[in-house]
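Contents: one structure, followed by commentary.
All figures in this text were calculated on a predicted structure; none of them were measured in a lab. Just so you know, ligand 1 is whichever comes first in the structure, and atom 1 is the first atom listed for that ligand.
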Amino acid sequence: MIYLDNAATTKMFEGALGQYKKFACDLFYNPSAFYREGRAVRAELDDARKSLLKRLGAKEGTVIFTGGATESNNLAIMGSRRNGKWEYVFSNGEHPSVYNVAKELERQGAVVHFVPLMADGQIDYQKLEEVINERTRLVSVMHVSNETGAVNDIKLVKKIISKKSKALLHVDGVQAFNKLVFNLSELGADFYTISAHKFHGPKGVGALYVRDLKTLKSIVFGGGQEGDLRSGTENVAGIMAMKWANENIDVKLNFEKAEKLEKRMTEILKKDENFKIVESASPYIMSVSYRGVNGETLARALQDQGVLVSTGSACSTKKAGNRILESMGMRKEDVVSSIRISFNAYMTAKEIEEAGEKILKCAKAIKNLEL
Ligand code: PMP
């Protein structure tokens with residue numbers, strides 16, 4: 001089986017599993033306990049925090065451990081909102097764990113703006129500038145699109161915001177962290193979301209970077225863990241496994257490997273001119289469509305051939321992908337023909353070769369059937 005759905009989730013590193021077991025079965029103590037064993041686990045958690053901050057390249061601020069990116073996104077948005085006539089700005093390309101929080105804010109009576117995307121999948125920076133004003137409380141723009149691999153220019157987003165407001169900037173960095181080389185202190189984000197299972201860590205664990213703790217309030221109430229911002233005993237084993245994954249990825253080297261995989265896949269698919277490929281800056285994610293062939297039909301046929309790809313976002317049964325591709329101005333027939341191919345850096349050239357040829361063959365066969 002060739003797995004080309006790494007944007008949905010990745011296989012956990014064996015080394016991360018080793019850490020998981022160590023902190024689940026041996027050093028299993030509650031990090032809030034007063035005795036020495038508990039304090040030792042607390043110190044390990046603080047090291048994990050430092051490890052993430054280092055990889056992020058943050059000069060100030062901290063990270064709060066959460067139960068994954070969906071929770072981090074909810075915390076950043078719902079936790080930074082304030083009463084009064086504040087406005088909130090989101091890109092149309094956001095993952096449902098941001099987009100549906102925005103919809104909920106709107107339902108609760110807040111003024112919410114959705115900014116369209118450009119044809120290449122990035123946020124329309126000009127339109128962004130038009131909606132920002134001194135009442136803007138929060139702007140949320142993802143770093144890398146999970147649908148297309150488009151990379152937003154976060155530095156530019158920050159610049160646009162700062163010209164007209166003091167608004168906070170939240171960035172969903174799930175598809176960027178440990179994939180792109182970047183420095184958070186240069187991006188200017190106030191909040192940054194990460195998720196362990198997208199970089200070979202366990203599912204159900206993530207973090208939210210917070211530049212200034214005063215800008216955030218808790219959305220769950222309880223024992224006051226994580227600086228009173230995320231109550232509940234920390235998922236120590238998951239966090240330590242995430243730390244291991246974080247420290248065992250060579251981001252630059254992996255990026256170069258992913259570039260080679262994407263380049264080869266592109267070459268193979270381009271042998272058939274019916275394939276349309278959305279050019280994007282992240283080599284990990286490709287959105288492609290085959291004229292006249294339904295994406296779901298193609299993905300199912302590929303599954304039978306042992307190649308796993310996705311149509312739209314795997315995280316959403318309601319096919320968020322369509323909302324995003326349509327916002328880029330893609331024609332309806334191309335939207336329904338789209339599949340998403342996503343790599344990890346540990347794949348072999350041979351796997352790409354085999355999968356690419358199968359994608360070509362399946363698409364052609366379905367087209368001939370449908371003619
Ligand atoms: N944001 C983006 C961009 C994602 O791709 C995903 C996962 N598909 C999430 C948020 C949600 O992550 P989690 O599964 O950790 O809740």
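Side-chain rings of Phe182 and Tyr192 approach one another, their centers coming within less than 6.0 Å. Close placement of the Phe13 and Tyr346 rings is indicated, their centers lying within 6.0 Å of each other. Less than 6.0 angstrom separates the ring centroid of Tyr290 from the ring centroid of Phe275.
The Ser195 neighbourhood of ligand 1 comprises atoms 13 (P), 15 (O), with distances under 4.0 Å to a heavy atom of that residue. Taking every non-hydrogen atom of Ser97 and a distance limit under 4.0 Å, the qualifying atoms of ligand 1 come out as 10 (C). Set against the non-hydrogen atoms of His197, the atoms of ligand 1 under 4.0 Å away are 13 (P), 14 (O), 15 (O). The ligand atoms of ligand 1 that sit less than 4.0 angstrom from a heavy atom of Met142 are 3 (C). Contact atoms of ligand 1 toward Asp172: 1 (N), 2 (C), 3 (C), 10 (C) (distance under 4.0 Å to a heavy atom of the residue).
With no hydrogens or angles considered, no side-chain donor-acceptor pair links Thr215 and Ser80 at under 3.5 Å.
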side-chain contact (heavy atoms from CB on, under 4.5 Å) evaluation trace for Glu44 with Val236
CA-CA 9 Å; Glu44 295 279 1; Val236 177; over 6 Å; no
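Between Phe191 and His170, the angle of the ring planes lies from 30° to 60°, which puts this pair in the tilted group.
Residue contacts with ligand 1 include Lys198, since one of its heavy atoms falls under 4.0 Å from the ligand. The shortest separation from a heavy atom of Gly206 to ligand 1 is not under 4.0 Å, leaving the residue out of contact.
No side-chain donor-acceptor contact under 3.5 Å links Thr10 to the backbone of Asn6.
The shortest N or O to N or O distance between Val144 and ligand 1 is not below 3.5 Å.
Heavy atoms from both the backbone and the side chain of Thr70 come within less than 4.0 Å of ligand 1.
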